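Take a look at the structure below.
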Amino acid sequence: MKKIFLDLGKQPLANSFLKDLSKKTTKSEFFYNLKICFNTSNFLVSIKSPVNPKKQYTKKYAHRASESQTMRSAFKSIAKNLQKKFKPKRVMEIGSNDGVFLKNFNPKNVIAVEPCKNLANITKKKFKTYPEFWNLRLSKKIIKNKKEKIDLIFSANTISHIPNLKETLLSLNNVLSDNGVIVIEDPSLLSILKNNSYDQFYDEHVYVFSAIAIQHILKDYNLRLFDVDKISTHGGSLRYYICKNLAKYKSTPKLKKFVDLEKKNNLDKFETYIKFSNRVKKSKKKLYELLKKIKNENKKIISYGATYKSTTVFNYCKMNNKIFDYVTDTTKNKQGKFTPGTHIPIISPETGINETVDYAFLGAWNFKEEILKKEKKRIKRGLTFVSHVPYPHIISK
Ligand code: TMP
């Protein structure tokens with residue numbers, strides 16, 4: 001049974017930055033109700049009513065995975081490890097974005113799957129790219145075209161985005177070789193609960209996985225989880241290693257340890273989520289009070305990083321340009337646009353981060369180390385960062 005535990009109110013698509021604030025543009029802005037539920041039978045946490053993916057993954061998709069140094073080196077390092085560990089002949093990535101992972105492999109052996117045409121256009125110059133959604137039809141087409149099955153399927157921050165999980169798993173099983181491995185990375189539910197990072201809930205994160213939920217779900221698809229890595233990307237994620245039931249891989253002690261930890265933290269109990277929901281309500285109130293206090297001292301506050309996560313925070317906490325003068329972001333195609341729902345201007349860091357800024361809300365809190373290092377000089381000169389993770393606070397210098 002699915003039970004709702006968190007209501008984050010009316011939200012726009014996290015990725016739908018507005019090109020202008022004309023009546024025509026603002027009137028056509030799409031909103032949906034962001035309610036999060038827990039399935040008491042398989043422990044899966046998901047959005048109650050997901051948005052149609054055709055609205056989300058369009059040719060205007062803004063996120064570029066290679067935008068941050070942290071992500072570039074994380075993908076390079078995992079590509080190297082997986083190559084060494086599994087020695088795959090054929091590799092496929094689902095949600096290949098701008099190719100930041102696949103570029104580390106021999107282009108002849110890889111397949112990219114990416115429904116956003118603007119991104120698929122980037123990778124198609126180098127690799128075989130299917131500009132399509134991952135589904136049963138595409139899995140059949142790939143086997144037919146290529147004959148041999150795939151030894152390594154990688155997918156970072158994508159499987160949790162696809163509403164039809166059943167079809168996704170059936171299709172994965174379809175193309176996987178007998179001893180092939182599926183490696184999935186997605187935000188960790190345990191990290192979200194520990195960090196109170198409710199902003200990991202937005203339209204694209206239809207599911208937030210845990211090891212116990214994945215174990216439960218795979219049972220119906222002739223697949224099993226045999227290992228898990230705890231990783232730091234996106235504020236705490238899990239990397240799941242999945243194979244066919246009869247494949248050669250043994251379940252690792254690391255997996256057992258992590259499953260035990262999730263159970264110890266009661267991820268299989270509905271009450272845990274009710275407690276989390278109460279902490280989220282407190283976080284909203286505290287963040288508002290903190291920023292209001294700063295504003296009352298006549299200080300200038302901006303937001304650092306026009307992240308998808310900050311769309312959830314701004315819209316849930318009702319923060320607009322009365323609080324933040326603007327948002328800075330390094331991504332060229334976000335600059336000159338406005339934040340979804342709250343319509344705060346987005347400008348480049350070169351223009352926006354200067355001595356007139358007193359405080360910066362760390363929208364990109366998952367890149368905290370990288371950003372604090374980069375802004376060391378400005379912090380010395382007086383710039384102060386504010387974060388809501390794990391609770392609203394000023395980051396001490
Ligand atoms: P993400 O958390 O959804 O990947 O988005 C991170 C955003 O933050 C992305 O648009 C790039 C931006 N960003 C900056 O503006 N400055 C930085 O130093 C970093 C690391 C990211």
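Whatever order the structure lists them in is the order used to number ligands and atoms, beginning at 1. All figures in this text were calculated on a predicted structure; none of them were measured in a lab.
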Exercise. Any nitrogen or oxygen of His234, main chain or side chain, under 3.5 Å from a nitrogen or oxygen of ligand 1?
Worked result: no
For this session: Identify, by atom number and element, the atoms of ligand 1 in contact range of Lys374, meaning under 4.0 Å from any of its heavy atoms.
Result: 16 (N), 17 (C), 18 (O)
For this session: Go through ligand 1 atom by atom and flag the ones less than 4.0 Å from a non-hydrogen atom of His63.
Result: 4 (O)
For this session: Indicate yes or no for a side-chain donor-acceptor contact from Lys334 to the backbone of Ala306 under 3.5 Å, with no hydrogens or angles considered.
Result: yes
For this session: Please report which non-hydrogen protein atom sits nearest to atom 10 (O) of ligand 1, along with the residue it belongs to and the distance in Å to one decimal place.
Result: Lys334 NZ, 2.6 Å
Problem set entry | Residue, atom name and distance, where the atom is the protein heavy atom closest to atom 3 (O) of ligand 1 | Tyr308 N, 4.0 Å
Exercise. Apart from Leu21 itself, what residues make up its hydrophobic cluster, given side-chain heavy atom links below 4.5 Å?
Worked result: Leu18, Phe338
For this session: Using a 4.0 Å heavy-atom threshold (strictly under), name the region of Thr330 that reaches ligand 1: side chain, backbone, both or neither.
Result: both
Problem set entry | Check ion pair Lys141-Glu132 (N to O, under 4.0 angstrom) | yes
Exercise. Any salt bridge between Arg239 and Asp229, counting N to O under 4.0 Å?
Worked result: yes
Exercise. So does Asp268 pair up with Lys263, basic N to acidic O under 4.0 Å?
Worked result: no
For this session: Starting from atom 12 (C) of ligand 1, locate the nearest protein heavy atom and write down its residue, its atom name and how far away it is, to 0.1 Å.
Result: Asp329 OD2, 3.2 Å
Exercise. Can you check whether Ser68 has an N/O within less than 3.5 Å of an N/O in ligand 1?
Worked result: no
Problem set entry | Identified ring pair (Phe, Tyr, Trp, His ring centres under 6.0 Å) partner of His216 from the options Phe43, Phe209, Tyr221 | Phe43
For this session: Below 4.0 angstrom from a heavy atom of Phe367, which ligand 1 atoms are there? Numbered from 1 as shown, please.
Result: 2 (O), 4 (O), 6 (C), 20 (C)
Distance-only donor-acceptor pairs under 3.5 Å for side chains of residues 114-123, two or more places apart:
residue, atom, partner, partner atom, Å
Glu114, OE1, Ser96, N, 3.3
Glu114, OE1, Asn97, N, 2.8
Glu114, OE2, Cys116, N, 3.0
Lys117, NZ, Pro131, O, 3.4
Asn118, ND2, Lys59, O, 3.1
Asn118, ND2, Tyr61, O, 2.9
Asn121, OD1, Lys124, NZ, 3.3
Asn121, ND2, Lys117, O, 3.2
Thr123, OG1, Ala120, O, 3.3
Thr123, OG1, Thr129, OG1, 3.1

For this session: Please write down residue, atom name and distance for the protein heavy atom closest to atom 5 (O) of ligand 1.
Result: Thr307 CG2, 3.6 Å
Exercise. Heavy-atom contact under 4.0 Å between Lys309 and ligand 1?
Worked result: yes
Problem set entry | Sidechain N-carboxylate O distance under 4.0 Å for Glu375, Arg378 | yes
Exercise. Where's the contact between Asn366 and ligand 1, heavy-atom distance under 4.0 Å: side chain, backbone, both or neither?
Worked result: side chain
Exercise. Which ligand 1 atoms does Thr331 reach within 4.0 Å, using its non-hydrogen atoms?
Worked result: 9 (C), 10 (O), 11 (C)
Exercise. Between Asp7 and Lys48, is the closest basic N to carboxylate O distance under 4.0 Å?
Worked result: no
